[in-house]
Peer 1: 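Can you read through this structure? Questions will come right after.
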Number of protein chains: 2
Amino acid sequence: MPNKSAALDDVFNALGDPTRRAVLARLCQGPTSVSDLAAPFRMALPSFVQHLGVLEKSGLIYSTKKGRVRTCYVKAQQLSVAESWIATQRSLWEQRLNQFDAYVKTLKPGETT
Amino acid sequence: MPNKSAALDDVFNALGDPTRRAVLARLCQGPTSVSDLAAPFRMALPSFVQHLGVLEKSGLIYSTKKGRVRTCYVKAQQLSVAESWIATQRSLWEQRLNQFDAYVKTLKPGETT
DNA sequence: CTGATAGTTAGGCTTATGCCTAACAAATCA
DNA sequence: TGATTTGTTAGGCATAAGCCTAACTATCAG
């Protein structure tokens, strides 16, 4: 059932864009203002802010506004959500591999194929 | 630079859909034919096969056709690609947290606002 | 108060995504 | 051979995604 999770949808979709991954990577180095974040990209500011919106909606970042400056921060827990989904699948797969290995070992040599 | 990776785009986008995650989870249990994979979903077969196309393009799965049956398999290496990108970011972030902690400890008690 | 700076809102355009039906092809079974 | 099963191809439609410009608001510096 955990595959029908809107949270995972949002997180993975957010990660599926190079601009957004770059922003996230940047934010892992420390909090940054919107325009500083935007500077490296040649993209109109409203477009860029849309990416921030996607990241924020996914829970991967959050932001606060003080005066006219909005500062963005990573929220690493949300990264773990994605990471652990993947890890779970990988472990399922490895488990199955091991079962298969075990099964193969029950066969006489040369019996595979 | 690793944030401008088309491979990561494809993998994360593939993971950003519940149908595709479910398929992947299923395949982690073992290889399955297209129609067996499709059975749990009430979706026209061509639509479903499009999802398989996305997964295959991303490298998360591969498939072979024997007779009229196409069998699909996971490719767990590709899962690790995504997993390790995330792990890298997380570790960057934790590193920075530690640096910050260290910095805080250089301050006299009570000096942190 | 004026002008610059930091974001936001509104609206539009183009392409991609996710779904569908209908028709086809190829393998297998009776 | 004729019917069935297992996919595939073609084409269409609606919504979402990603980008843009123009115009606006709010804060801060002088």
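Note that the structure is a prediction, hence the values are computed from the model and not measured. Order of the sequence lines sets the chain letters (A, B, ...), proteins ahead of strands, with each chain counted from 1.
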Peer 1: Among pairs that include at least one residue of residues 51-60 of chain A, which meet salt bridge (charged side-chain N to carboxylate O under 4.0 Å, His left out), considering only residues two or more places apart or in two chains?
Peer 2: Asp10(A)-Lys57(A)
Peer 1: Restricting to side chain to side chain contact (heavy atoms under 4.5 Å, CB included), what partner residues turn up for Thr32(B), sequence neighbours left out?
Peer 2: Arg26(B), Leu27(B), Asp36(B), Leu37(B)
Peer 1: If you link I, L, V, M, F, W and Y whenever their side-chain heavy atoms are under 4.5 Å apart, who else ends up in the same group as Tyr62(A)?
Peer 2: Tyr73(A)
Peer 1: Report the distance from atom NZ of Lys65(A) to atom P of dA6(C), rounded to the nearest whole Å.
Peer 2: 12 Å
Peer 1: Using a cut-off of less than 4.0 Å, is there contact between a side-chain N or O of Ser33(A) and OP1 or OP2 of dA6(C)?
Peer 2: no
Peer 1: Apply side-chain contact (heavy atoms from CB on, under 4.5 Å) to the pair Val11(B) and Trp85(B), showing each step before the final yes or no.
Peer 2: CA-CA 11 Å; Val11(B) 169; Trp85(B) 184 88; over 6 Å; no
Peer 1: Suppose the criterion is salt bridge (charged side-chain N to carboxylate O under 4.0 Å, His left out): which pairs have a residue in residues 77-90 of chain A, not counting sequence neighbours?
Peer 2: Glu83(A)-Arg90(B), Arg90(A)-Glu94(A), Arg90(A)-Glu83(B)
Peer 1: Where along nucleotides 14-27 of chain C does protein come under 4.0 Å, by heavy atom, of base (B) or sugar-phosphate alone (S), with - for untouched nucleotides?
Peer 2: ----SBBBB----B
Peer 1: Could you work out how much the helix from dC1(C)-dG30(D) to dA30(C)-dT1(D) bends, comparing the axis of its first five pairs with that of its last five, to 10°?
Peer 2: 20°
Peer 1: Can you list every pair that meets ring pair (Phe, Tyr, Trp, His ring centres under 6.0 Å) and has a residue in residues 19-45 of chain B, with sequence neighbours left out?
Peer 2: Phe41(B)-Phe48(B)
Peer 1: Tell me the interatomic distance from Asp36(B), atom CG, to dT5(D), atom C1', rounded to whole angstroms.
Peer 2: 12 Å
Peer 1: Just jot down the side chain to side chain contact (heavy atoms under 4.5 Å, CB included) partners of Ser47(A), sequence neighbours excluded, or say none.
Peer 2: Met43(A), Ala44(A)
Peer 1: Please report, rounded to the nearest Å, how far the P atom of dC28(D) is from the CZ atom of Arg70(A).
Peer 2: 14 Å
Peer 1: Name all residues meeting the side chain to side chain contact (heavy atoms under 4.5 Å, CB included) criterion together with Arg70(B); count only those two or more places apart in sequence or in a different chain, and write none if there are none.
Peer 2: Val34(B), Ser63(B), Lys65(B)
